[in-house]
Amino acid sequence: QVQLVEAGGGLVQAGGSLRLSCAASGRTLNGWTMAWFRQTPGKEREFVVAITWSSGSTAYADSVQGRFTISRHIAKNTVLVQMNNLKPEDTAVYYCAAAATWRRPRLPGEYNYWGQGTQVTVSS
């Protein structure tokens, strides 16, 4: 079992920044992918960014490339995403997820564990 606890959501004006964190517990993450998805009412959960825990290799959705940066703090078993130049269309509930693969999948169904979600609201 893997437990994921997110933090760092909030309200920010367009052009501002937020940093989300996801603390993982329950097992070692070597060979796993950690990712962030987001979801708005009535829409499917959308891939945002992922990182392979062992190598630090990353993958980004086109919509956030150049604005979001994912990293991991190995000693703290924590994944961080720095979100800069936020836009109103970034408003969503953001979910941390863990997949038992190094391949950085982009489909929600390939992830084994999920956090409870944290709201990010960007005002125009």
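All of these numbers come straight from a predicted model, not from anything done at the bench. In what follows, residues are counted from 1 in the order of the sequence shown.
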### Task
Could you list all the ring pair (Phe, Tyr, Trp, His ring centres under 6.0 Å) pairs where at least one residue sits in residues 33-57, not counting sequence neighbours?
Phe37-Phe47, Phe37-Tyr111, Phe37-Trp114
Can you tell me how far the [atom1] atom of [X] sits from the [atom2] atom of [Y], to the nearest 0.5 Å?
X      : Y      : atom1 : atom2 : answer
Glu110 : Asn112 : CD    : CG    : 9.5 Å
Met34  : Arg72  : CE    : CZ    : 11.5 Å
Ile70  : Arg104 : CD1   : CZ    : 10.5 Å
Met83  : Leu18  : CE    : CG    : 4.5 Å

### Message
Within a 6.0 Å radius of atom CD on Gln116, are there more than 12 heavy atoms belonging to other residues, nucleotides or ligands?
### Response
yes
### Task
Compare every heavy atom of Ala35 with every heavy atom of Ala50, then report the nearest pair and how far apart it is.
CB-CB, 3.7 Å
### Task
Indicate the atoms forming the closest heavy-atom contact of Leu4 with Ala24, along with that distance.
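Closest approach of Leu4 to Ala24, heavy atoms only: CD2-CB, 3.7 Å.
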### Query
So is Arg38 actually on top of Tyr95's ring, under 6.0 Å and inside 45° of the axis?
no
### Query
Rest of the hydrophobic cluster containing Val5 (Ile/Leu/Val/Met/Phe/Trp/Tyr, side-chain heavy atoms under 4.5 Å)?
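Its cluster partners, ordered by chain and number, are none at all.
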Suppose the criterion is disulfide bond (SG atoms under 2.5 Å apart): which pairs have a residue in [range], not counting sequence neighbours?
range           : answer
residues 31-61  : none
residues 26-124 : Cys22-Cys96
residues 36-79  : none
residues 35-91  : none

May I ask you to decide if [Y]'s main-chain N or O and [X]'s side chain share a donor-acceptor pair within less than 3.5 Å?
X     : Y      : value
Asn77 : Ser25  : no
Thr78 : Ala23  : no
Thr33 : Thr101 : yes

Would you please name every residue forming a side chain to side chain contact (heavy atoms under 4.5 Å, CB included) with [X], sequence neighbours left out?
X      : answer
Gln1   : Gln3, Tyr113
Glu89  : Lys87
Val122 : Val12, Ala14, Leu86, Pro88, Asp90, Thr91, Val120

### Task
Could you state whether Val81 and Leu11 fall into the same hydrophobic cluster, counting links through intermediate Ile, Leu, Val, Met, Phe, Trp or Tyr residues with side-chain heavy atoms under 4.5 angstrom apart?
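Result: no, two separate clusters.
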### Message
According to a hydrophobic-cluster definition based on side-chain heavy atoms being under 4.5 Å apart (Ile, Leu, Val, Met, Phe, Trp, Tyr only), do Ile74 and Ile51 belong together?
### Response
yes
### Set of residues satisfying side-chain hydrogen bond (donor to acceptor under 3.5 Å, both in side chains) with respect to Ser57, sequence neighbours excluded
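Scan of Ser57 (side-chain hydrogen bond (donor to acceptor under 3.5 Å, both in side chains), adjacent residues dropped) gives Ser55.
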### Query
Do any pairs count as a side chain to side chain donor-acceptor pair (under 3.5 Å) and have a residue in residues 10-22, sequence neighbours left out, and if so which ones?
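Sorted pair list: Ser17-Asn84.
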### Task
Carefully, step by step, assess Leu20 and Glu6 under the rule side chain to side chain contact (heavy atoms under 4.5 Å, CB included).
CA-CA 7 Å; Leu20 304 181; Glu6 300 112 331; over 6 Å; no
### Query
Is it true that the side chains of Gln119 and Thr121 contain a donor and an acceptor less than 3.5 Å apart?
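Yes - a donor-acceptor pair under 3.5 Å links their side chains.
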### With Tyr60 via ring pair (Phe, Tyr, Trp, His ring centres under 6.0 Å) - residues at least two apart
none
